[in-house]
Amino acid sequence: MVMLIGLLRYAYVIERYGPSLLNTVAFVLGWICAAGLIMVGSFQVDHAKVLHYIGAGVAFPTSMMFIFFQSLLTYRMAHAHWFCWTGHLRGVLFIQDGFVLQHMAALCEWTFIINVLVYYGTFAFEFGAISTDTFLVLLKASRAPKSYKAGTSTPATPHAHSTSENMAMI
């Protein structure tokens with residue numbers, strides 16, 4: 001779910017506002033967070049303590065940075081009062097305090113996860129505007145020529161398929 005939400009948000013920001021380093025960094029952090037969450041969920045603390053804590057050590061800071069960067073993107077893209085309100089809500093959900101005791105730490109982890117899920121839910125307002133054009137933006141970015149033929153200034157042609165053929169391949 002985290003990977004899908006990260007991908008949709010990344011595509012939405014590119015489609016609406018163009019490419020951004022901040023958006024790319026947030027996207028990568030979201031996927032690293034997802035890898036950490038997979039480890040946390042796959043290795044329970046009672047059976048594989050080290051792997052569980054490694055996953056938590058990856059997931060927690062990257063999720064905090066992902067949320068921070070997404071909040072920055074929200075304020076950067078805000079053109080209306082509604083988007084500022086969403087940014088304020090995301091800022092409140094981002095702030096969390098932790099405790100030292102093990103049981104309180106577990107409670108904080110669960111509270112944080114619930115807050116992150118609600119935070120992800122705030123993207124629903126923007127995801128309502130996602131269309132096939134959003135996914136075409138991702139396809140165009142992945143098919144952009146990256147190399148040039150030697151001695152020429154024209155890019156190498158990746159494929160000669162039409163857009164309708166590309167959609168059929170998906």
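Computation of the quantities below employed the complete heavy-atom set of this structure, encompassing side-chain atoms and omitting hydrogens, waters and symmetry-equivalent molecules.
The shortest heavy-atom contact between Phe66 and Ala26 is CD1-O, 3.0 Å. The two atoms that bring Pro61 and Ala56 nearest to each other are CD-O, 3.9 Å, heavy atoms only. Closest approach of Cys33 and Ser63 over heavy atoms only: SG-CB, 3.5 Å. A pairwise comparison of heavy atoms in Phe127 and Ile5 identifies CZ-O, 3.8 Å as the closest pair. A pairwise comparison of heavy atoms in Val116 and Ile67 identifies CG2-CD1, 3.5 Å as the closest pair. Shortest non-hydrogen contact noted between Phe27 and Gly6 is CD1-O, 3.6 Å.
Taken together through direct or relayed side-chain contacts under 4.5 Å among Ile, Leu, Val, Met, Phe, Trp and Tyr, Val137 and Trp31 form part of one hydrophobic cluster. Cluster annotation: Leu51 is not connected to Ile32 through the hydrophobic network of ILVMFWY side chains, with a link wherever side-chain heavy atoms come within less than 4.5 Å. Linking Ile, Leu, Val, Met, Phe, Trp and Tyr residues whenever their side-chain heavy atoms come within less than 4.5 Å leaves Val45 and Phe43 in two separate clusters. Tyr53 and Val50 fall into different hydrophobic clusters, where Ile, Leu, Val, Met, Phe, Trp and Tyr side chains are chained together by heavy-atom contacts under 4.5 Å. Under a hydrophobic-cluster definition in which Ile, Leu, Val, Met, Phe, Trp and Tyr are linked whenever side-chain heavy atoms come within less than 4.5 Å, directly or via other members, Val25 and Phe68 are assigned to the same cluster.
Counting heavy atoms from C-beta on, the side chains of Ile130 and Phe135 come closer than 4.5 Å. Side-chain atoms of Glu126 and Val13, non-hydrogen and from C-beta on, never get closer than 4.5 Å to each other.
Under a 3.5 Å cut-off, the side chain of Asn23 and the backbone N or O of Tyr10 do form a donor-acceptor pair. Listed for the Ser42 side chain is no donor-acceptor partner under 3.5 Å among the backbone atoms of Met39. Side chain of His52 to backbone of Val40: a donor-acceptor contact under 3.5 angstrom is found.
Note: Leu117 CG to Thr122 OG1 = 11.5 Å, rounded to the nearest 0.5 Å. Rounded to the nearest 0.5 Å, atoms NZ (Lys140) and CD (Glu15) are 10.0 Å apart. Of the inter-residue distances, the one linking Leu136 atom CG with Thr132 atom OG1 reads 5.5 Å to the nearest 0.5 angstrom. Note that CG of Leu37 is 10.5 Å distant from CE of Met3, once rounded to the nearest 0.5 Å. Taking OH of Tyr17 as the reference point, atom CG of Leu73 lies at 10.5 Å (rounded to 0.5 Å).
Ring geometry for Phe123 versus Tyr119: interplanar angle over 60°, hence perpendicular rather than tilted (30 to 60°).
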